[in-house]
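Note sheet for the following structure.
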Amino acid sequence: MVVRFLNHTADVGFALEAESLEGLFQGALEGLLRVMFQNPPQRGRRRRRVVLEAEDLETLLVRYLNELVYLIQTKGFVPAKARVRIFPKEGGFRLEATLLGEPFEEAFGFQGEVKSATYHGLSVVQERGLWKAQVILDV
């Protein structure tokens, strides 16, 4: 899995590459954590389950990232790892994830709030056997 940050004038963006669609969504969590924390947790003792649906993979990725932002900034749960499964369903896709994380701690080095994942420049594609995505976060 590859997470590469993008130059963007007002917001923060990153590009992702993974061998699987599930790996791509796990990479999105890693990218988000790197934006929000200097020292994010490496493992987690607490679990959260997330189930989301969307009509396409781009919308599913935005919803997933925004759910993660909500859990971190509103519920004080910082996911360290995710076990993600994505299923095609009639009219779109379903994501089921088990998040392993820790309660928010100052030791994680919070770097600032993320307002949301955006649709600006958003893409999710499969090319030559790799899944690739680009995401811009409104900070």
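In the hydrophobic clustering of ILVMFWY residues, with side-chain heavy atoms under 4.5 Å counting as a link, Leu122 and Val125 come out apart. Residue Val84 is not grouped with residue Leu130 when hydrophobic side chains (ILVMFWY) are merged at heavy-atom distances under 4.5 angstrom, including chains of intermediate members. Neither Phe108 nor Leu100 shares a network with the other; the hydrophobic side chains, linked directly or stepwise wherever heavy atoms of I, L, V, M, F, W or Y lie under 4.5 Å apart, form separate groups for each.
One distance of note links CD1 of Ile136 with CG of Leu65; it measures 11.5 Å at 0.5 Å rounding. Between atom CD of residue Gln126 and atom CG of residue Leu57 there is a gap of 10.0 Å, rounded to the nearest 0.5 Å. In this structure, Asp11 CG and His120 NE2 are separated by 8.0 Å, a value rounded to the nearest 0.5 Å. With values rounded to the nearest 0.5 angstrom, Glu67 atom CD is found 10.0 Å from Leu95 atom CG. With values rounded to the nearest 0.5 angstrom, Phe14 atom CZ is found 5.5 Å from Leu16 atom CG.
Look at Glu53 and Arg63 and you find no salt bridge, because none of the NZ, NE, NH1 or NH2 atoms lies under 4.0 Å from a carboxylate O. Looking at Lys115 and Glu113, no side-chain N of the basic residue comes within less than 4.0 Å of a carboxylate O on the acidic one, giving no salt bridge. Between Arg46 and Glu102, none of the side-chain N atoms (NZ, or NE/NH1/NH2) sits under 4.0 Å from a carboxylate O, so this pair counts as no salt bridge.
No side-chain donor-acceptor contact under 3.5 Å links Gln38 to the backbone of Gln111. At distances below 3.5 Å, at least one donor-acceptor pair connects side-chain atoms of Gln26 with backbone N or O atoms of Ala82. Judged purely by atom type and a 3.5 angstrom limit, Asp138 has no side-chain atom pairing as donor or acceptor with the backbone of Ser116. Looking at Glu17, its side chain never comes within 3.5 Å of a backbone N or O of Ala15 through a donor-acceptor pair.
Minimum heavy-atom separation, Ala80 to Gly44: CB-N, 4.2 Å. Taking both residues in full, the closest heavy atoms of Thr118 and Val62 are given as O-CG2, 3.7 Å, listed atom of the first, atom of the second, then distance. Of all heavy-atom pairs spanning Trp131 and Ser20, the tightest one is CD1-C, 3.4 Å. Heavy atoms only, all atoms of each residue included: Leu61 and Phe25 are closest at CA-CE2, 3.5 Å. Scanning both residues, Ala97 and Tyr64, for their nearest heavy atoms gives CB-CE1, 4.5 Å. The heavy-atom pair separating Ala133 from Val124 by the smallest distance is CB-CG2, 4.1 Å.
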key: Verdict with reasoning, Arg83 to Glu22, per salt bridge (charged side-chain N to carboxylate O under 4.0 Å, His left out)   = CA-CA 8 Å; Arg83 284 188 230 132; Glu22 290 80 4; over 6 Å; no

task = Show your working on side chain to side chain contact (heavy atoms under 4.5 Å, CB included) between Leu99 and Val50 and close with a plain yes or no.
result = CA-CA 8 Å; Leu99 306 173; Val50 172; 3.6 Å; yes

task = Could you go through the ring pair (Phe, Tyr, Trp, His ring centres under 6.0 Å) check for Phe37 and Phe110 one step at a time?
result = CA-CA 5 Å; Phe37 298 99; Phe110 186 64; 5.7 Å; yes

task = Go through the steps for Leu68 and Leu32 under the test side chain to side chain contact (heavy atoms under 4.5 Å, CB included), then give the verdict.
result = CA-CA 8 Å; Leu68 296 173; Leu32 178 66; 3.6 Å; yes

inquiry  = Test side chain to side chain contact (heavy atoms under 4.5 Å, CB included) on Arg47 and Thr98; report intermediate values, then the result.
reply    = CA-CA 7 Å; Arg47 292 177 188 258; Thr98 300; 3.8 Å; yes

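In Glu55, the CD atom is crowded: over 12 heavy atoms of neighbouring residues, nucleotides or ligands sit closer than 6.0 Å. Lys81 NZ: 12 or fewer foreign heavy atoms inside a 6.0 Å radius.
Between Pro79 and Leu29, the closest side-chain pair of non-hydrogen atoms falls below 4.5 Å. Looking only at side-chain heavy atoms (C-beta outward), Arg94 and Arg85 stay at 4.5 Å or farther from each other. Side-chain atoms of Gln73 and Met36, non-hydrogen and from C-beta on, do get closer than 4.5 Å to each other.
Taking the six-membered ring wherever Trp is involved, the centroid distance between the rings of Phe104 and Phe77 does not fall below 6.0 Å.
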